[in-house]
Amino acid sequence: MATLAEPIRPGAGRPNVASANIQLPGVESYEQVDREIAGTLAPTKGWFALLGISILFFLWGAGAWVYQIYWGLGNAGYNPPVMWGVYIITFVFWIGIGHAGTLISAILYLFRAGFRTTIYRCAEAMTVFAVMTAGLFPIIHIGRPWKFFWLVPYPNWRLVWPNFKSPLIWDVFAISTYLTVSATFLYVGLIPDIAVLRDRETNPLRKRLLAVLSLGWRNSEPEWRHFARMYLFLAAFSTPLVLSVHSVVSFDFAMALAPGWHTTIFPPYFVAGAIFSGIGMVFTIIIPIRKFFRLQHIVTINHLDAAAKLALATSLIVGCAYLIEFWVAWYSANEFEQAYFWNRVFGQWWWAAWIMLSCNMIFPLSLFSQRLRRNPTWLFILSILINLGMWFERFVIIVPSLSHEFEPWQWSGYVPSWVDISILAGSFGWFFMWFLLFIKNLPVIAIAEVKEIVPPRLRTHAPVADIDVTGHHVDYSPETPGERE
Amino acid sequence: MSRRRSWALASGFFAIAVAALGLSAYSGASSSQGIDVVQPVNFPHPRHVQQLGMNCLYCHFSANRSPDPGLPAVGTCMGCHTIIQGRRPAIQGVADRDTAAINQLLSFAKGTPDQWKPIPWVRVHKLPEYVHFPHMRHVNAGVTCQTCHGPVPEMQRVYQYASLNMGWCVNCHVKGYKLADGLLAAGDTAGARAATNVEPQKARYDCAVCHY
Amino acid sequence: MSHPPNTVVKRREFLKVLGSTGAAATAIGCSQERVEQLIPYLVSPDHTVPGVSTNYASVCRECAAACGIIAEVRDGRAIKLEGNPDHPVNHGALCARGQAALQGLYNPDRYRGPMIRRDTRLAPATWDEALALVRQRIDEARAENAARSVRFVSQHENGSFSAFVDQWMSAGGFGAHLAFDPEADLAARAANQAEYGSAWPALDFGAARLIVSIGADFLDGWGASVAHQLSFADARAKLVDAPRFVYIGARRSLTGLNADEWIACRPGSERAIANALLTAVSGSGSGTIAAAATASGVTEASLQRLADELRAAKPSLVLGGVSTPDAHLVAQAAARINKAAGNVGVTVKPDEGLSGIGGAAGAQALAALATEMNAGAVRVLFIRGANPVHTLPQSTQFVEGLAKVPLKVSFSSYPDETSELCDVVLPDHHALESWGDSEPVRGTLGLQQPVMDPLFNTRAAADVLIGMARADNAMAGRYPWANYRDFVRSRYASGGAAFTEAVAKGLGQGSVLARDTTGTMATTAQTIAGEGEFFLVVHPSPALGVGAGANKPWLQELPDPVSKIAWQSWVEIHPSTAARLGVELGDHLTVTTAAGSVTAPAYIYLGIHPEAVAVALGQGHSAYGRYAQGIGVNAVDALGATFDGGGRLAWTQTRASVAKADGRSRLVSTEGSARQHGRGIARALTAAQLASGETADEHHAFVGDASHEFLPGLRAPVANDAQGDLGDPASNAKGMYAPDHWSGMASRRWAMTIDLSRCTGCSACVTACYAENNIPTVGARWQGRSLRPFHTSESGWDTTPGANILKGREMAWLRIERYFEGGEDGETDFETRFLPMLCQHCGNAPCESVCPVFATYHAPDGLNIQVYNRCVGTRYCSNGCPYKVRYFNWHGYGEVERRQYAFPEPLNLQLNPDVTVRGKGVMEKCTFCVQRIRDAEHRAKAETREVQPDEFTTACAQACPSRAIVFGDAASEDWSVARQVEDARGYHVFEELNTYTAVVYLKKVNHPAGGTR
Amino acid sequence: MTRGLIAAYSELDALVDAIEALKQRKFSKFTVYTPTPRHEIEHALKPPTSKIRLFTLIGGLCGVTFGYWIAIWTSDYWPLVVGGKAIASWIPYTIIGFEVMVLVGALSTVYGMFILSRVPKITQTIGFDPRFTGASFGIYVEAEPERLKEAEATLREAGAVEVKNER
């Protein structure tokens, strides 16, 4: 017979400060969690409008692509030797976006950072759709998209195989792996929540569909046991994976000789940038969601604050990388590098470079102020700036390098064409189309995990906080320290 | 339990799809192996080669001198067919005969040579334009025509014998051409027996040997 | 190649054989199921084998030099023109214009048959109609015994034709015949005739110790440029002993850019300088240094130095080739200097001179004709070859005169400005379809023979004339020949046998039917009217000439060797002047003279005198087909009717005012930066340095990187270079890369050397590459990209000429980079270095390892291979390439169904069947003419032997009139390239990148002032 | 006839008590349901550690082997030299090996979870009540018919909100 301790009166004693950051004062019971999160799924006019717009953008981009396939890449803005342009820029941009999701859901999980709990599902979905978007661009940008399957190693009567020394083949492997693993990660995380929805659902058709999706999950203890274990291992796999993916993407550049590309700093630099941009996108997405779905008491300001600190940290890393690049160029005494970097900031491409530097290095410094960190409006504005800045970071890496290479005779400029811009816009349409469909059909906040940080009902009354610093609840036995005065 | 069946079905379909893809990729599914076409003149190879014993090079005169095997000029046909007409009366007990094919030929070769019309033969063996296949190199290396073109002497109507896939070419280049097999294909069993110990003749398999 | 003449025509069977080999088609989208017909011969011609080329020797008709050519004919289609190695003028080389003759032959805008003007428009007609009409008008003229009012204007060409027409005219009792040559330097010819007794003496640059050219652009088309270039390059190849070259002129032409020193003089002051030099050398004469200095604006010091040098350096070579009204006097002075300096017979060889060029008429004669026409004194006018409406200034009133001629008969095969104004068009065969002759040097008869059947319903003008004559009782008697072939045959000394030999060799003994040339040289000069603070310098374009080249896409696409601008006209203006007028690159400038004005974008150029602006001829066509029409401006519109002593239009010295017009257009230029930024790409050293053995002049390496000391030769070990330093030979199976592999491929290493002291930047190699490798031209109006969505009309497409080049998308596998050295901060003189840049076939190629599908990789014989049909078009290889020599098919230039198709019928008949035509979305680049390598291997195999040293070479090396390019197998000592790569001047571009290139450049050798012996 | 009993609990400590009681009374065949994993339940049940790690290990090893193998085998199948590098160079192939390891490893982990926790289940109705995915905890006890009464009592003592028979 478990005997329960002297109850702790609400308000009495100081709650654990660290845990205070992530606990949800506004949430009393499991019922409330189910009710409120499931409640977000009801479609609204605004949602339909947004979805419509996204689909229009997507169709526009798709049309542009068809046009380009028929009439040739010449209709894009390429200006040799600038052989890569908006498409590769946007590819790297979207891949980068993806990284925050995995970081939040996997790495922070391993680090037991509790504030991830309420935002990770959203971030994870973002990852999957971002990678889905990014994955299109290598196909869009090649001259003969209909031959793309040649990059996939499969037995064929030509007896020819891909070149496994090519960074593009590494890309194929890294990105397909990344897409598969993050999609799996998202889905298995969803299973218990789908089960919740299944059992709340009244419409038989939807119920059956959800039943299939939930794979007959029933919240039994053995299921949870294996689930937790699997989740741990997936997280353990995703962590090196996410680091490897953007390193591989950075190899696309580092493996070529072009000045400004051929440098060893790229992998860490790219990974940090990716996470930075991803968190930017998370803000762009989560802030409107918590506002319009009225989830401020679940996705609390504390969570945003914590995420903002992460953004600040990555921003500092990225900024440092920028500065080191210039230092390396100077220190190497390699005149190609020096000429290129001079041209980057003070020459032809100064404007792009300064957009990048201000958006990624200067503005984020504002996050040192707690007031701004806790101001969702500012975070939202900043997040837009970060997205812009990170797109231009890739622009600055790709275009100026190619336009100002070894051969002065071949120096050139670059102006995107309407096709580039249409497909860029289309990619946003495509991404938000999927995301919007997601948030109205599946819980955008992880029900089961939120329940973890909600105190369970007890025969006696609940304690104020049963959550420790890690965001995981502490055992509920009298011996547990920190629970009483 | 209906759901169980549907699950099984789904995975089954998936497996089949994958298998099909792999197979089609590996077998030269994109090849036009086996196609045969109706020619403007229904030229019977068996009659000329098997019965009259004409040599391939008599008509395909540049196969040993040029990348291009060459096609018989109308004049070449008319060398014989000015005498051998389509219609032949019955003589010495042999019944009279009227050969459609020869008439087809004659319809192109009416009157004096300057009134003749060229015969629009239809191509059967077609390599993509980005492949360079120098006939003379192969013929001079002793590769019998039948090795690639199959038993043309027996074909009433010529069809594409080999797949002409890249893998098909490369296999021979790498493993080497066995004279005995070639002769056997050409129907020279004696020669084949004699050539059993001839070393297979390899050819370069660098991409730029054929693709440029 | 020798054969009985009676089968000549049959062996040129064309249409009946087309398709009997797979004509080159695109690499992409070939459906194997497509029904394809094979059309064999009717009667198998002897001596030709389908799929195997036959070569015919003939004569090039693109300029007066009449070089010998070899036409490669495959299955009845001429696919390539090369120089005739035995020919005394061009010795196997051929310039860009000569090679582009093919695109004249296959020009899509040629007249398909005779045309007659019906209600103001030219409409197709039959030959009988057309000829009947002409005959009728002639008879009318005769009837009213105004036969003298029948006149003939022809394009002058080296050979019998001009004289043949003279005879025809006199036989018919008609008026005078003008053999018009708008480009030739008639003034110099007249002066030479007067001074040397030879219109065009042979020049031996190698024998000279100092070359002084007074505006004589002997590399840009002044005289026989190929011959000059061969000799000049040989002279420069003497390195330390090479002659120093001083160029005097207002504009630094291609020739000027090859000079060691440029003396920039005011246009029109050349005569003063020439006279001063004459005085200095001969001791007698009117000119003085002081006078010259004031006239020319050159410092007395530098003129004095030149004079002293000229006096000291014997033998020397002085050339006068200006285009001012007193050009003939300049040429005369130059000739007299040569006489005084004892150069005649040493560097100037009158008795080996060009022959058969006599009797050419200049613009002056046509202006006179125009006056007659305006007076209504011309009733029938025959025009053959010449295009006076485009080449004469409006001030000559030629067009107005033409309107007053009742019957204008054109033999032109192209719808040019003149033929479009004519009433009857009797389209002539192209030179490659017709018979003719030339006399390159006295006593040698070059034979021009048809290399294939005529494409269209055309007739050789000469045959038409013979036909008319034989049908005409008055003339028939004097025409025993059935056709012009028989006439040509009759010119051969020993008749039939010699002719038969000539048919095989393209050369024979004999002499052309010469015109009686009674040219006496004027001793005075016209004065040039008009005022303005500037001089307008007009000059023929090295590629387009005065306009005849403009309808050939190869020549339009060929960047001007000096300005590197294509598909455009431009105004050259000096930086200081530009700064003064506030003009920036591309600003539209209006150049106004007394006669008229032209407006074109500004090109800021160091090599133009600050008081002058220059505009090239050739563009500004109002007709002349899809490639020429409406591009640029015609500079003669701004010229008055002033002529030099030879009767040629005076191109320079016209006074002009220059004003900024509104608007600016980007220059269609292939030039990124004209400066090397100290990157040691095109390197040079002075003769002194070379003599003293110091070579490490501009060597450029990473700081502290000792591993890149300069080493001559191929850095990568031959034969297994594919493994480079990195590969461990024992690491894994090297397959065909193993030196002992049965295929033996790894025992060769194809390599190339390019001697920058020979290269003059003439760009013949570029055109040769286009012709050999089916490279699409991308500058035509219809080849631009889409500018906005949802367009149906033309307006949606970018129809700017050269739109693709503005986007940097030119496809030239081989480009000539032109780098300037010096000339900053106000110094007049500067140095120019030309660097042919092509795929370097690196041993450790950065492009290869990044390709995901092995579309580019390293072949065992050292080639960097590009497999078009494997390429998926990631363009990663181009990003990896430090030399930027990979080119991408942005549109379906090679696909018939695309609007950007580069080979509209019948241009596609020129495509080389041995080379795949690339479709859209694939990367392409220089292959070291791998098809020629394979071809040589096939030949060797057929003859059961190995490929012999220097047995074959690449298209660029073959065409090069400077012999600057040497190609071969560097792995075997017997190939000359193997010796070349060891030259002390050798270096690799960007060697510090460890690419181990297979192309070795040999440094240029300069001879600065006072640097000579 | 009754297979077992389903008891629903709205409080966590009640559930914990029930579990301990059931164990005390030697009821071995019962399944616990919880809306979210709680350590209390683990402590009460002391279950063995999941076997999933085996799937992960084997999957990962297969993956990395296949990754290296495909890269090296294809390189030597048709040796083509690029950029002067060794034909089969293991350094770049490490990336392939790593990515395939992650892919196969992760998938086999999930596969393991499915096997071990018997999903996908074709039916989840037996011994399960929909509210277990909602707010309430629950226990499903299977016992011999004669012990059912005792079981029910035990469950109710611990404070079950409801106990129903499962047929």
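Chain A is the first sequence line, chain B the second, and so forth, proteins listed ahead of strands; every chain is numbered from 1. Note that this is a predicted model, so its numbers are computed, not measured.
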Shortest non-hydrogen contact between [X] and [Y], atoms and distance:
X	Y	result
A:P222	D:T31	CD-CG2, 4.2 Å
A:D34	D:T133	OD2-O, 4.1 Å
D:T56	A:F237	CG2-CE1, 3.3 Å

Counting only heavy atoms closer than 4.5 Å, note whether [X] contacts chain D via side chain, backbone, both or neither.
X	value
A:N163	side chain
A:P167	neither
A:A228	neither
A:T184	side chain
A:F185	neither

Quick one: what part of [X] sits under 4.5 Å from any heavy atom of chain A, side chain, backbone, both or neither?
X	answer
D:L107	side chain
D:I41	side chain
D:T109	both
D:I72	neither

Chain D: which of [options] shares the most heavy-atom pairs with it under 4.5 Å?
options	value
A:V196, A:L232, A:V450	A:V196
A:F227, A:Y231, A:Y187, A:W224	A:W224
A:M255, A:H226, A:R229, A:E449	A:H226

What's the spacing between [X] [atom1] and [Y] [atom2] if we round to 0.5 Å?
X	Y	atom1	atom2	value
D:S108	A:F233	OG	CZ	10.5 Å
D:T36	A:I447	OG1	CD1	11.0 Å
D:T74	A:L159	OG1	CG	12.5 Å
A:E31	D:R131	CD	CZ	11.5 Å

For D:Y33, the option from A:R218, A:E221, A:E223 that meets side chain to side chain contact (heavy atoms under 4.5 Å, CB included):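 Exactly one candidate clears the test, A:R218.
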
Please check if the side chain of [X] supplies one atom and the backbone of [Y] the other of a donor-acceptor pair under 3.5 Å.
X	Y	answer
D:D13	A:L458	no
A:K451	D:G134	yes
A:K165	D:A88	no

Greater than 12 external heavy atoms within 6.0 Å of [X]'s [atom1]:
X	atom1	answer
D:K164	NZ	yes
D:K149	NZ	no
D:W73	CH2	yes

Largest heavy-atom contact set with chain A, pairs under 4.5 Å, which of D:W78, D:F114, D:Y9, D:Y140: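 Greatest number of close heavy-atom pairs with chain A: D:W78.
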
Leading residue by heavy atom contact count with chain A [cutoff under 4.5 Å; candidates D:P92, D:A14, D:P35]: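 Counting heavy-atom pairs under 4.5 Å, the top option is D:P35.
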
Counting C-beta onward and ignoring hydrogens, is there a side-chain heavy-atom pair between [X] and [Y] closer than 4.5 Å?
X	Y	answer
A:V248	D:E99	yes
A:R225	D:P48	yes
A:S244	D:I95	no
A:F164	D:I70	yes
A:D199	D:F128	yes

